[in-house]
Peer 1: 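Below are the structure tokens for one structure; questions will follow.
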Amino acid sequence: MIKEYFKSQFNCEPTAVAQAPGRLEFIGNHVDYNKGVVMGVAIENHITVAVSMRDDDEIHMASEGLRCFGKVKLSEVALQEKKQKFMNYPLGVFAMLREAGMKADKGFNLADTSTVPTGAGVSSSAAIELATAYALCKLYDFPLSKIDTVRIGKAAENNFVGMPCGILDQGVSGFGEKDAIVRIDCKAEEFSTLPLPAGTYFWVFNSGVKHALVAGDYAKRHASCMEAAETLAKYDPKITCLADAEASAVEANKSKLSPETFNRAMHVVCENRRVHEMERALAVGDLEAVGDLMKASHMSSRFLFENSCKEIDFLVTELSAQKNVYGARLSGGGFGGIAIALTNENFSEAQAKEVAEKFHAKFGAFPKFFRTTTGPGAGLVE
Ligand code: GLA
């Protein structure tokens with residue numbers, strides 16, 4: 001598929017092909033940039049990127065899914081607008097690789113194909129970043145470790161695209177494995193995997209509410225968290241980030257925080273604790289506790305962090321009320337996007353349809369839903 005598409009766009013064979021998956025955030029909502037511990041899974045949907053060297057100093061890109069084509073000169077790599085906007089993630093990766101020391105005297109062709117839904121909260125952005133990073137490193141002979149490839153993806157978001165995200169999406173896309181949950185200690189930048197409990201499945205429901213993370217709300221939440229961390233650091237210098245704090249420290253500083261900032265901080269410190277509890281629940285195979293932690297995480301997003309919306313709340317409530325569901329929650333940045341449910345093998349298509357129909361009756365639209373299986377992390381295909 002990718003090869004034919006590449007050829008149809010550039011009339012030559014690609015030199016390197018790489019692939020990277022989308023992800024689900026399992027638990028640890030907005031905990032990553034607060035330097036706590038988060039968990040996610042790589043899904044089988046992925047983006048494939050193919051590249052070849054050009055003889056001139058231009059970068060040409062084609063996206064099959066977005067039906068877009070764009071070009072820019074090597075000396076003019078900067079944030080693109082309008083029709084060339086789709087180029088920003090790969091261009092950001094290229095810019096970050098050059099900053100990291102990659103030499104590129106000639107330009108490149110890049111084409112991508114995708115099975116990851118865009119704008120749905122499964123991080124198609126991290127997928128294209130990681131696939132691009134692997135492909136370009138091969139093309140320009142710039143070997144990088146897995147962790148550095150993940151860091152390049154995050155740097156592209158933070159420094160080029162302007163999204164102050166943490167390392168969850170790129171980390172999960174990079175370190176994902178089939179049948180595994182990726183655990184990330186975001187402060188130490190340590191990545192490990194835990195087995196996904198046998199006989200469990202993730203169902204994903206897309207609310208259809210578009211989350212535009214760069215624009216506003218995500219950055220606002222990020223700013224509130226940084227503000228709270230600064231206030232807590234004055235109270236206890238050992239607190240260098242929100243994840244260092246206990247709920248008692250946030251309580252003790254209540255008068256110094258606005259009610260809103262207090263709630264944001266409370267969400268983060270309690271969510272971080274829930275991730276540790278999740279680890280214990282998974283270790284002993286207590287799926288009821290796993291589900292309860294997911295539900296508690298959602299309530300905290302809904303009422304304290306206020307990054308849910310009525311459509312997602314509805315999906316979480318309906319899914320949680322279904323038989324064969326351990327738990328459900330908002331997954332990802334929020335303000336729309338997806339709800340996920342962890343189910344046993346008996347949760348059926350008919351049950352999913354029932355939830356979708358109730359959603360339709362209330363909101364007038366059918367949410368897309370699918371059952372995912374986990375898949376491998378990013379890497380070169382050839
Ligand atoms: C988005 C960001 C991640 C993370 C989640 C919320 O997916 O890209 O870094 O902050 O939101 O947990």
Side-chain angles (χ1 to χ4, degrees), residues 1-12 14 16-24 42-52 54 58-73 76-97 107-136 139 152-153 156-157 160-163 165 169-170 173 204 206-215 218 332-333 335-338 367-368 370 372 375 378 381:
M1 281 290 282
I2 183 71
K3 285 197 166 173
E4 287 83 68
Y5 178 63
F6 188 91
K7 224 173 165 179
S8 74
Q9 298 300 303
F10 302 116
N11 211 14
C12 64
V17 180
Q19 201 162 289
R23 65 94 188 93
L24 301 180
I43 59 176
E44 61 180 345
N45 304 57
H46 53 259
I47 294 185
T48 310
V49 163
V51 293
S52 71
R54 293 181 59 84
E58 294 193 349
I59 297 171
H60 289 203
M61 283 187 202
S63 169
E64 184 195 47
L66 302 173
R67 297 212 176 99
C68 289
F69 190 91
K71 50 182 160 178
V72 64
K73 279 197 186 307
E76 290 164 5
V77 171
L79 213 55
Q80 302 295 299
E81 289 184 354
K82 298 186 183 139
K83 280 190 185 156
Q84 301 231 117
K85 243 181 156 174
F86 82 100
M87 299 174 77
N88 285 333
Y89 294 114
L91 278 184
V93 167
F94 177 68
M96 294 305 120
L97 285 170
F108 62 91
N109 295 316
L110 181 151
D112 73 80
T113 58
S114 173
T115 58
V116 184
T118 49
V122 291
S123 206
S124 55
S125 55
I128 190 141
E129 285 156 6
L130 275 267
T132 301
Y134 274 103
L136 289 181
L139 187 70
I152 288 287
E157 292 266 2
F160 192 87
V161 179
M163 154 83 172
C165 66
D169 306 346
Q170 294 77 17
S173 183
V204 180
N206 186 350
S207 66
V209 180
K210 283 265 180 301
H211 67 158
L213 292 184
V214 180
Y218 186 95
F335 315 106
I338 54 168
K368 289 204 180 105
F370 56 100
T372 62
V381 178

Peer 1: Return the minimal non-hydrogen interatomic distance between V122 and P117, and the atom names on each side.
Peer 2: CG2-O, 3.7 Å
Peer 1: Could you check if a side-chain atom of V77 sits within less than 4.5 angstrom of a side-chain atom of F160, using non-hydrogen atoms only?
Peer 2: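 The answer is yes; the side chains approach within 4.5 Å.
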Peer 1: Is it true that a side-chain atom of S114 and a backbone atom of I47 form a donor plus acceptor pair closer than 3.5 Å?
Peer 2: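 No, S114 side chain to I47 backbone: no donor-acceptor pair under 3.5 Å.
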Peer 1: Sub-3.5 Å donor-acceptor pair from the side chain of E4 to the main-chain atoms of I2, do we have one?
Peer 2: no
Peer 1: With a 3.5 Å distance limit and no angle check, can you tell me whether Q84 reaches the backbone of K71 through a side-chain donor-acceptor pair?
Peer 2: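 Yes.
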Peer 1: Measuring from L91:CG to L110:CG, what's the distance to the nearest 0.5 Å?
Peer 2: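 Between atom CG of L91 and atom CG of L110 there are 9.0 Å.
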Peer 1: With rounding to the nearest 0.5 angstrom, report the NZ to OG distance, K3 to S8.
Peer 2: 14.0 Å
Peer 1: Taking all non-hydrogen atoms of both residues, which atom of R23 and which atom of I43 are closest, and how far apart?
Peer 2: N-CG1, 4.1 Å
Peer 1: Once you round to the nearest 0.5 Å, how far does CD of Q170 lie from SG of C165?
Peer 2: 4.5 Å
Peer 1: With sequence neighbours excluded, what pairs up with E58 under the salt bridge (Lys or Arg N to Asp or Glu O under 4.0 Å) test?
Peer 2: K73
Peer 1: Check the orientation of H60 and F69. Use parallel for under 30°, tilted for 30 to 60°, and perpendicular for over 60°.
Peer 2: perpendicular
Peer 1: Looking at E157 and S125, what are the two nearest heavy atoms and their distance?
Peer 2: OE2-OG, 3.2 Å
Peer 1: Between S173 and G22, is there a donor-acceptor pair closer than 3.5 Å when you use the side chain of the first and the backbone of the second?
Peer 2: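 No.
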Peer 1: Please find the pair of heavy atoms, one from R54 and one from N109, that lie closest to each other, and give the distance.
Peer 2: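 So the minimum-distance heavy-atom pair works out to NH1-OD1, 2.8 Å.
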Peer 1: Please step through side-chain contact (heavy atoms from CB on, under 4.5 Å) for the pair F94 and T132, ending with a clear verdict.
Peer 2: CA-CA 8 Å; F94 177 68; T132 301; 6.0 Å; no
Peer 1: Please name the pair of heavy atoms, one in S52 and one in P14, separated by the smallest distance, quoted to 0.1 Å.
Peer 2: CB-CA, 4.2 Å
Peer 1: Does E64 offer a backbone N or O that forms a donor-acceptor pair with the side chain of Y5 under 3.5 Å?
Peer 2: yes
Peer 1: From T48 OG1 over to Q19 CD, what is the distance, rounded to the nearest 0.5 angstrom?
Peer 2: 4.0 Å
Peer 1: Does any non-hydrogen side-chain atom of D112 lie less than 4.5 Å from one of L66?
Peer 2: no
Peer 1: Does any part of the side chain of P367, heavy atoms only, come nearer than 4.5 Å to the side chain of N206, both counted from C-beta?
Peer 2: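 No; the side chains remain at least 4.5 Å from each other.
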Peer 1: Distance from I59 atom CD1 to E76 atom CD, nearest 0.5 Å?
Peer 2: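 One gets 10.0 Å once the value is rounded to the nearest 0.5 Å.
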Peer 1: For the atom pair CE (M61) and CD1 (I128), what is the distance rounded to the nearest 0.5 Å?
Peer 2: 8.0 Å
Peer 1: What heavy-atom pair brings L130 and A378 nearest, and what distance separates the two atoms?
Peer 2: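 Scanning both residues completely, I find the closest heavy atoms to be CB-CB, 3.9 Å.
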Peer 1: Is the backbone N or O of F6 less than 3.5 Å from a side-chain atom of Q9, with the two atoms forming a donor-acceptor pair by type?
Peer 2: no
